[in-house]
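Per chain, numbering begins at 1; letters A, B, ... match sequence-line order.
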Amino acid sequence: MKKFRYAVISSMLAVSVSLTACSSGESGEEALPSEPSSSDDNTSADSTENEDEGADDTVNTGDVETSVEATGDEDVVLEFWIHQTGEDETNVYIERIDDFNEAHEDIHVEAEVIIDDGASAYSDSINAALVAGNLPDVMAVDGPYVASFADAGVIQPIDEFVDEETKEQYVDSIIEQGTYQNELYSLGAMEASVMLYYNKDILEEEGIEPASSLEDAWTWDELMNNANQLTTDDRYGLNLFMDYDVGEWLTFMGAPLIWSNGGELISEDGTVVDGHLNSSENIESFEYIASLFEDGVVSESPGQTQFEEGKAALALGGPWIAVSAEDAEMNWGMMPYPYVGEKVSPSGSMAYAVTSITDHPQEAAELMKWMTNEESSIAVAEATGMPPAQASAFEKMEKFNEKPWSIMKEQVTETAKARPSTPAYPVLTDAFAQIFHAAALGEDVEKVAEQQVSRVERELRKFD
Amino acid sequence: MEKESVKTKTSYFPKPYAVKGGRSMPKKKKRLFRKSSFREAVTGYFFLLPALILLGVFLLYPMASAFYYSFTDFYILTPDEKSFIGLENFTFIFQDAEFRQAFWNTVYFTIIVVPVQLAVALGLALLINQKLKFRIFFRTAFFSPVVMSLVVVSILWTFMYNPNEGLINEFLGMVGIPSQPFLTSPDQAMNSIIVMSVWQGAGFQMMIFLAGLQNIPNHLYEAADIDGANRWHKFWNITLPGLRNVALFIFITITIAAFKLLVQPMIMTQGGPLGSTKSLVYHIYETGFNYRDVGYASAMAVIFTVIVLIITIVQRILIREERG
């Protein structure tokens, strides 16, 4: 009965859902006291608020406060999902969670580490738990996906647990990323940015002067001219890391090329794409991208270490490129993101959010604040090489007060812009990436943009 | 003369892979059944139970729910709010440009892969059926891709296809051919996946062909020798007809497997560039998981089922006619 084999795949939706549900059900049993009943979040919020009013005053600044007194008789157990992309990073999270447990006698956090392969492994787990009703109390979510979770009521607003003073400690882009329809839903574990890295030796050889501060950032024309000049037979001028999936990376790295030219991915309120994603400004931007590839300045498949090997003189890469360039013992530097109109740079990374099914939103928010406070921000930033989510962490970390890292700090605190906040983000980001990729391949950008617009329009209709 | 010889030959076969396998068995079975008491029957069904439960839970239930979801607007983030929307999902399939593209990509893949893989598998089987030196080594070498995980193989080939430092392009460079954008050009990506898929899959069919080859009675060849047949005559009149049932089995399984293309585009190209390698199953996966539209994904899965079903039925009818 081979013909029934198709079912294994076609029914993957349901099967894997039930499989994962089983495994997370087991861990749910360990966390018996907090077994989330899917009760209305309003009522549960009320009941816990009374119990823990006192605790709120002592820890809401997010400082490492060990003088918190137990306020309730019963222990609150929080289930907490964190993503794993690297071991050092996970170790920091675990350490911070241990510290939290020690500092809070009345709250106990049980962390579950879930592999994040950069594709869909982590979000598959969330989807599965969601359908099975097994979500944790607090979970890590990717920044730009906050809106869709918020819109669906999967996560809940945390404004009442986060006061203005605490909010101001974060860099603006973190709050922007976490806000959907004027309500705050998430706090970022770390920030991210994209810098224009350069190979010092090659630039010196060619007599090209790198930009040394945000003020004298390169314009698009300068980038184009210099990258062209830096391109030789056995070297590309610029690396855009086209080997990463055609997906989030292209939106993350490429969106400022739209924004800087006065364009947008979607209307301000996140409901209309026609006239925005396919605007004439955007087509201009995509044509600029296309010309980079057309001239052979950028490779469509650069390989993993093109920049580190000196086979590309410039690279628009994430903070991790600084780490790998350092490891490769090359002579590297970084410049701000090039601009044409407004100076804008990418931002956003993993963030934490409180699910709607938790019985303890206040404690959950407490945990979030702890995981993103200054001390945690610094620890995560050190382990990952990513910029911290809290503004004060930048001041405390020596590295960010020296060149070239100070440029990254300037960028994160001054020009960072969050990706659009819309429930249709999963489709929107793919649409953007498809147009970007079409530009790279020299296809008719306008035509592809129209196709993608109608695709996103259909998706948006679901959220009317 | 020829036809007769075919018939006599087929009767020699134990028919392990015959499409209508077990035709000769039922008589015995019936007798057995009549003898068995009710109690024995119950015991028999009891032994069947674990398998039936597993099939029910992991096959029938998911299939039934997919069928049900296909009539709803099931959005994965709001599982409790799904509502019945009739045939809306199905009507959209016919307007969905991506579905159309994925469908034709899959058809293209199947049409190329099936004959090529069949031929390669047969060729390899003939090769290692001869009394060569290192015969065992070749068998292992040709078969080893089959036991490797398709994910691993896909990743390895992605490296090999890399235009800048990939193994294949390095070789091409040695003979003066410029570097090829195997996976980054919309014109080449699907063909690159086809080559890799044939390499990975052919070893399995090779083993089945090999079993078929060794089941052809030697005296037929001896008789042909006496009649003065040359190699080509023997291949055409003895080997090929002798492999007929085996080939049919392989033909059907490759077709179905080819239609289920998923891992290669997922790992190697993410359906790109410009959707040129997006297969039907990958499109269903993306819609359901990445874009969370389980309702629409289920509707496509149902249509996919129907397509595969039709292909299988058509194949069976054709085969039956040829046999009769």
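- If you measure heavy-atom distances from A:Ser299 to chain B, the contacts under 4.5 Å come from the side chain alone.
- For B:Phe204, the CZ atom is loosely surrounded, since the number of other residues' heavy atoms within 6.0 Å does not exceed 12.
- By the 6.0 Å and 45° rule, A:Arg458 stacks over the aromatic ring of B:Tyr296.
- Your options are B:Asn290, B:Thr158, B:Leu274, and the one with the most heavy-atom pairs under 4.5 Å with chain A is B:Leu274.
- Looking at A:Ser123, neither its backbone nor its side chain comes within 4.5 Å of chain B, counting heavy atoms on both sides.
- Salt bridge annotation for A:Lys462-B:Asp73: absent, with no cationic side-chain nitrogen under 4.0 angstrom from a carboxylate oxygen.
- Contacts between A:Glu309 and chain B at a heavy-atom distance below 4.5 Å involve the side chain alone, from C-beta outward.
- Neither the backbone nor the side chain of A:Tyr425 comes within contact range of chain B; no heavy atoms are under 4.5 Å apart.
- Interface residue A:Val154: only side-chain heavy atoms are found under 4.5 Å from chain B.
- Only the side chain of B:Phe92 comes within contact range of chain A, judged by heavy atoms closer than 4.5 Å.
- Within 6.0 Å of the CD atom in A:Glu183, the count of heavy atoms belonging to other residues, nucleotides or ligands exceeds 12.
- Looking at B:Trp157, B:Phe159, B:Tyr161 one by one, the single match for ring pair (Phe, Tyr, Trp, His ring centres under 6.0 Å) with B:Phe182 turns out to be B:Tyr161.
- Heavy-atom pairs under 4.5 Å with chain B peak, among A:Gln434, A:Glu443, A:Arg455, A:Gln451, at A:Arg455.
- At most 12 heavy atoms of other shown residues, nucleotides or ligands fall within 6.0 angstrom of atom CZ in B:Phe67.
- Proximity to chain A (any heavy atom under 4.5 Å) is restricted, for B:Asn162, to the side chain, taken from C-beta onward.
- Heavy-atom distances place the side chain of A:Glu459, and not its backbone, under 4.5 Å from chain B.
- With A:Thr231 contributing its side chain and A:Gly237 its backbone, the two residues share a donor-acceptor pair below 3.5 Å.
- In this structure, A:Phe286 has its ring center closer than 6.0 angstrom to the ring center of A:Phe432.
- Contact of B:Phe74 with chain A is made through the side chain alone, with heavy-atom distances under 4.5 Å.
- Counting heavy-atom pairs under 4.5 Å between each of A:Asp151, A:Asp243, A:Val448, A:Leu441 and chain B puts A:Leu441 at the top.
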